[in-house]
Number of protein chains: 2
Amino acid sequence: MARKSSRSTSFDVAALAGVSQSAVSRAFTTGSRIADETRTKVLEAALKLNYVPNSIASSLTTKRTNIVALIIGNLDNPFYVHVLHTFSRRLQEQGRQVLIFTVEPNSESDEAIMHLLKYQVDGVVLTAAQLSTRMISLCHDRGIPIVLFNRYIPGSDASGVRCDNVAGGALIAEAFLAAGAKNFALITGDLKGTTSQDRVRGFVGRLLEGGVKRTRIVEVEGHSSYEGALNATAKLFRDQNRVRPDALFGVNDIMAMAAIDALRHRIGLRVPEDLMVGGFDDIPEGRRLPYQLTTVRQPIEQMVDETLQLLHLDDPTEPIPRGIDRPIKGRLIWRNTIPVPLSHRWTEPEIQS
Amino acid sequence: MARKSSRSTSFDVAALAGVSQSAVSRAFTTGSRIADETRTKVLEAALKLNYVPNSIASSLTTKRTNIVALIIGNLDNPFYVHVLHTFSRRLQEQGRQVLIFTVEPNSESDEAIMHLLKYQVDGVVLTAAQLSTRMISLCHDRGIPIVLFNRYIPGSDASGVRCDNVAGGALIAEAFLAAGAKNFALITGDLKGTTSQDRVRGFVGRLLEGGVKRTRIVEVEGHSSYEGALNATAKLFRDQNRVRPDALFGVNDIMAMAAIDALRHRIGLRVPEDLMVGGFDDIPEGRRLPYQLTTVRQPIEQMVDETLQLLHLDDPTEPIPRGIDRPIKGRLIWRNTIPVPLSHRWTEPEIQS
DNA sequence: GTGAAAGCGCTAACAT
DNA sequence: ATGTTAGCGCTTTCAC
């Protein structure tokens, strides 16, 4: 037996209210010419029939679905969960919804694009994943704006919003320098990702500027994950002959946390007494008692705001922004994994929420 | 200047391929009568025009959107992130997508329902949130199946899939008993949520059966969150005159982890030497070096499978399953926060992945 | 301010 | 196997 999908339509409502179907449509469209009295009549009838406008049908004519696609590659990193949550909340406030596309971390999301095209989404946000330039123009040609969150694709005309990762990496380098570190280790993330590359570049660049020799900086791959960073840290300390670093930069917080765990529980080193460590992102987990991680905070709210602005959801007549790059400065949050140098003691105290 | 939404339609493709529009439709519908030759012609033309079928338009006639709504109330708990991820992956494999509705944890999600109704979703999954019975029938009346994930609503005819929380709670109680605990503490979650209630019930019930007196069990509210459990633990040990518990059950893993952190870093107690602790969920974070949490594993994959089955996405003619309750047994994972009694030593060794 | 009618892009009978 | 045609539920001119 087929399911009785007794969904009433605008015609049903019109009949009950004794008006035309277009009146019903108008009653549900804010800012359309309709007498208050008529609207009330319609709304009452609608309530009786449990009528809810079919937005699938309306988007056929309006060409707006009020759906935004979010392609996300790494839900294991709490940072991106937070990003997802922020987007969802903001969009819901505007009467829009997030259609989620999960892809393998750092894999091509071309297939996802092909799918979201079918859904006629109003815009797409791409985060923690790769994308070919072909797909970008495929979207743009159809009038679908796409903005990259925290990554950019060299040679493409896609716009993007990101944390200023180079400057952020430099912030950690400065903190290490100020705390008197001499030998540095670096756990990098996804090698293909611009996010990790930039943080590394900013970090190393600032160190070099500060007179640190290249040989005093070791790099290991952490693959942006907790497990990856665990292995990376082990590798770092396997070679006993090498000089032991006294400062370690985890290119994101989960890797920095993994490093701390490995240091304490496997290597037997104390943080920050034996080794200081810095992170990047400022995920809530890094604030927890065992970590109290000194890190660079990414201003998620602001980044999401800028992203939404670039999407021009409210005005589809706006031309799609192309080639725009909005780097947003992060802020160093002093906590306990880097000793605070005396000169910094009384500045920038963190207001704990 | 308006955005050129140069989306080509099935008519454009038909014209280029020299066939009728319905031939194009058939070419994109698997299992429809069409000559291979024709299909090839169509597909070639479609490729040239970058044509992608508009599934919004097709769902107008098919009455299927291939969209499943997921209402989620707590993205702060990694367990639910994992649930979301699993649903998304599974659904994508079937050519469907997740439309996400985030609501305040434990708040009514009635408003979310009103919104998802507009999108004509094929089904809805509700997790970590409340729902009125009125909304359930609103969905059911329209032929939209809704299944509750890990919760149930007394007196409603909504179906649900959940971990057998009562049995799971009992598992932790047994482990404590076997390890020789005498005084018990309990950090509860959301008081309104059936999940927490059931775990508490199973835990306390088993303890009582084991001859433990009610006075030996203390309960504090942890509000299902890390921060809440931190406070709860502090409260637990504030009163110095009270007998100190030697076993603590955090009704979910994040709360158990918070308790461990508080115990070690604030109270100055060792786990498990001074106090054993058990959790529930088996989130990956609980496996990490500092915790190695003994806990009850929720079989997410299986739970998601069952949920998807109840949704009958592939066969909308199936009647909506009503009042079905599918409790799925969890499994105790022995790790380091509860001393393994000798009798258990050689049984159920955990295969670490 | 309101109704009639056309049409958004597709699927599904129905013919052929 | 293929084309023709009538909708799906709505928005949007266009008259009145």
Side-chain angles (χ1 to χ4, degrees), chain A residues 2 5-43 45-46 49-66 117-122 142-143 316, chain B residues 2 5-43 45-46 49-67 117-122 142-143 316-317:
Chain A
S5 33
S6 71
R7 318 185 189 186
S8 43
T9 74
S10 53
F11 280 93
D12 302 329
V13 178
L16 182 62
V19 294
S20 75
Q21 180 271 334
S22 28
V24 177
S25 174
R26 289 188 184 104
F28 281 94
T29 311
T30 47
S32 75
R33 295 190 209 303
I34 186 173
D36 275 353
E37 194 196 357
T38 318
R39 166 166 278 143
T40 315
K41 253 194 317 193
V42 170
L43 261 25
L49 296 176
N50 281 330
Y51 170 77
V52 177
N54 180 339
S55 75
I56 274 348
S58 72
S59 58
L60 206 49
T61 31
T62 59
K63 265 118 183 58
R64 303 298 284 173
T65 51
N66 291 319
L117 249 25
K118 296 190 300 198
Y119 289 100
Q120 316 290 116
V121 298
D122 294 342
R142 296 162 159 266
Chain B
S5 33
S6 71
R7 319 188 187 183
S8 42
T9 73
S10 54
F11 279 93
D12 301 329
V13 177
L16 182 62
V19 295
S20 76
Q21 181 272 333
S22 33
V24 177
S25 174
R26 285 194 264 259
F28 281 93
T29 311
T30 47
S32 76
R33 296 191 208 304
I34 187 172
D36 275 354
E37 193 196 359
T38 319
R39 167 168 276 145
T40 316
K41 255 196 313 194
V42 170
L43 261 26
L49 297 176
N50 281 329
Y51 169 76
V52 177
N54 181 338
S55 75
I56 273 350
S58 74
S59 57
L60 205 50
T61 30
T62 59
K63 265 119 183 58
R64 303 299 284 174
T65 51
N66 292 318
I67 293 177
L117 248 25
K118 296 190 301 197
Y119 290 100
Q120 315 289 119
V121 298
D122 294 343
R142 295 162 160 266
T317 62

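Order of the sequence lines sets the chain letters (A, B, ...), proteins ahead of strands, with each chain counted from 1.
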Q.
Based on the rotation axes of five pairs at each end, what angle does the helix from C/dG1-D/dC16 to C/dT16-D/dA1 bend through, to 10°?
A. 30°

Q.
When you compare the side chain of A/I56 with that of B/K118, does any pair of heavy atoms fall below 4.5 Å?
A. no

Q.
What I'd like to find out is whether the side chain of B/R39 reaches to under 4.5 Å of the side chain of B/R26, using heavy atoms alone.
A. no

**Q.** Distance in angstrom units between B/R142 CZ and D/dG9 P, rounded
**A.** 11 Å

Q. How does protein contact run along nucleotides 6-16 of chain C, one letter per nucleotide 5' to 3', with B for base contact, S for sugar-phosphate only, - for none, heavy atoms under 4.0 Å?
A. -BBBBBBB---

Q: Look at the side chain of B/R64 and the backbone N and O of B/S59, then say whether any donor-acceptor pair between them is shorter than 3.5 Å.
A: no

Q: For residues A/V19 and A/T38, report the shortest heavy-atom separation together with the two atoms involved.
A: CG1-CG2, 4.0 Å

Q: To the nearest 0.5 angstrom, please state how far the CG atom of A/N66 sits from the OH atom of B/Y119.
A: 5.0 Å

**Q.** Whole angstrom value for the distance that separates P of D/dT2 from CZ of B/R39
**A.** 10 Å

Q. Does the B/S10 side chain pair with the main chain of B/Q21, one donor and one acceptor, at a distance under 3.5 Å?
A. no

Q. Once you round to the nearest 0.5 Å, how far does CG of A/L60 lie from CG of B/N54?
A. 6.5 Å

Q. For the pair made of CG in A/N66 and C1' in D/dT11, what is the distance, rounded to whole Å?
A. 14 Å

Q. For the rings on A/F28 and A/Y51, is their centre-to-centre separation under 6.0 Å?
A. yes

